[in-house]
Amino acid sequence: MLKDVSFGQYYPVKSFVHNLDPRLKILFLIGYIVAIFLAREFLALGACALVLIVAVLCARIPLGKVLRAVKGILFLVIFTAVVNLFFHSGDKVYWGGEPVLWQWKIFRITQEGIIFSAFLVLRLCLLVIGSSLLTYTTTPVALTDGIESLLSPLKLIRFPVHALALIMSIALRFIPILLDETERIMNAQKARGACIDSGNLFRRMKAIVSVLIPLLLSAIRRADELGEAMDARCYSGGNARTKYKKLRLTWRDPIAFSVLAALIAGVAVMFVFPVFPI
Amino acid sequence: MRIVAEHLSYIYNAKSPFAVKALDDVSLTVEEGEFFGLIGHTGSGESTFVQHLNGLLRLPSSLKRRKKKDGATLTVGEFDLTSKKTNFRALRRKVGMVFQYPEDQLFAETVLDEVAYGYKNFAEKRPDREETERAVREAVEAVGLDYESVKDMSPFDLSGGQKRRVAIAGVIVTKPEILVLDEPAAGLDPLGKREVMELLHRLKESWCKTVVVVSHDMDEIAENCTRVAVFSEGRVEYVLPPAELFKHTEELLRLGLDIPLTAKLVLALKERGVEIDCDYTAEDFVSKVLARGGRSC
Ligand SMILES: Nc1ncnc2c1ncn2[C@@H]1O[C@H](COP(=O)(O)OP(=O)(O)O)[C@@H](O)[C@H]1O
Ligand SMILES: [Mg+2]
């Protein structure tokens, strides 16, 4: 129940996208975001959308999952659309015809406003879906491995990259455990009559305290035990550590790379030489 | 109160890649006054089943809609758990539930507050101090602790076995009619285990009419239970009194379960040509063996 909401992100199927190298996937996402921001016209954004659709299809993620990512920021999308629809007052008229379609006091809808807000909404959706594709297709562990590897140059300036990655992966690993624990304790207190999701504010606060204290205790205990277990195995972080799963590039990575490189190049060209500018 | 479950199924994370079928068409009846045992290899669904008994897990609504079709029903006494209108608070007051490792849910500053928590939660109107203390004293003494010496202690300063008793006291303080315990002896030393089982026996005699217990300790099951349900992969394989159940030695071992020491001895004697027919309690075993008198093997 609780798990559905927050960390049910990774979608476990085997696919082309799942098997890409996590380091590259992170870089691809960054490149993709750059492309989206470089896109100044529908043609360029359409190219981004096309690449995204192909990626989603290759990743074998069901459409519902993909749309759920947008649902999360639905409010933001609507807000952006409405604000831009009413207040985007352009001073250029590209598409010919009457610019102001409807006006009431300061609220004004222009054709340009419609187009611009559609553009923003599309851009926002592409951004969110693209980012969620990364978490849908990459396990948290692979993600931290990738981040650690990408940040490794920072070791030169004695930045504790390994420690940072370790903290991240432990935190990620503990989220489902603590959610399980929360559910277990909540059930136990409900069985003792705690009013966790009903009743007046005071009783609810009390019920929440009865869940939080045991949860906190168990988190501290687990952290303690984990620390001791690592110590007992002489864990000493960084330097001489070898990895069980080494990240390796496969034949898939160059293919994905060329697609994305082509996209960025295309969008960059259109940035400099607009085809159908808005 | 009787517990009647029919065609109960439960799937965790239904409709997701992580779906786990935890219960598969479970039908069980527990009569009032029984000491009912649930056994099964870890992951067989006993915990999932017992969490249905006080409505912590509900029959999924899709099942409700298709109720006619697969006929999933669960009634506990007069409560119909397939209905949305059931008063779950009243149900939980009547069905006490002790989870696995119940000491993990302690939170209050003193043992008194800890045990009083459930009592106050379930009270119709705010109970006064004396009334609460009286109920807490009774519950704490029922689990075999000395009320005067522990009531002002922090529950976190107690020993493992004592914490567990306090947790159990916190559940029985409302005088539930049915007491459900999920592996109440897990993680305790042999003495602690025996004490908990003795405690259950005492509670059954004087406190709760019906006891339902999930346990992996076959000796305790053989000694205490009136009937036992064996779970395997979400299904109920047998519901039998221990005296019958432990005759199915091979099936139990195949299901990854243990058998009580008495059953092992009966088996070993059988191999040497001595047939003993007992109900697998230590007492009965010894008397049957003695009754055969002096015959050497
Ligand atoms: N909260 C949960 N979320 C997902 N799966 C669960 C959850 N609780 C139990 N399960 C799964 O359901 C099955 C039955 O579990 P459970 O009822 O706890 O068995 P038992 O008590 O016999 O060990 C197991 O396969 C377990 O992994
Ligand atoms: Mg269990």
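These numbers come from a predicted model, not from an experiment. The chains referred to below are lettered A, B, ... by the order of the sequence lines, with proteins before strands, and numbering in each begins at 1.
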- Report the C-alpha separation of A:V211 and B:F107 in whole Å, then their side-chain angles, then the decisive distance to 0.1 Å, and conclude whether the side chain to side chain contact (heavy atoms under 4.5 Å, CB included) test is met. CA-CA 8 Å; A:V211 174; B:F107 72 97; over 6 Å; no

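Within 6.0 Å of CZ on A:F257 lie no more than 12 heavy atoms contributed by other residues, nucleotides or ligands. Heavy-atom neighbours of A:E181 CD from other residues, nucleotides or ligands within 6.0 Å: above the threshold of 12. Annotation: B:F156, atom CZ; neighbour count of heavy atoms from other residues, nucleotides and ligands within 6.0 Å is above 12. The number of heavy-atom neighbours closer than 6.0 Å to CD of B:E109, taken from other residues, nucleotides and ligands shown, is 12 or below.
Taken to the nearest 0.5 Å, the CD1 atom of A:I213 stands 11.0 Å off from the CG atom of B:L106. Between atom CZ of residue A:R192 and atom OG1 of residue B:T174 there is a gap of 10.5 Å, rounded to the nearest 0.5 Å.
Both the backbone and the side chain of A:S210 have a heavy atom closer than 4.5 Å to some heavy atom of chain B. For B:F88, no part lies under 4.5 angstrom from a heavy atom of chain A. Neither the backbone nor the side chain of B:E103 has a heavy atom closer than 4.5 Å to any heavy atom of chain A. Using a 4.5 Å cut-off between heavy atoms, A:L217 contacts chain B through its side chain alone, with no backbone atom that close.
Residues B:R89 and A:K190 have side chains not in contact (no heavy-atom distance under 4.5 Å, counting atoms from C-beta outward). Using a 4.5 Å cut-off on side-chain heavy atoms (C-beta onward), A:R184 and B:D104 make contact.
Remark: side-chain polar atoms of B:Q105 are not paired, donor with acceptor, to backbone N or O of A:Q189 under 3.5 angstrom.
Across every non-hydrogen atom of B:Y117 and A:A194, the tightest pair is OH-CB, 3.3 Å.
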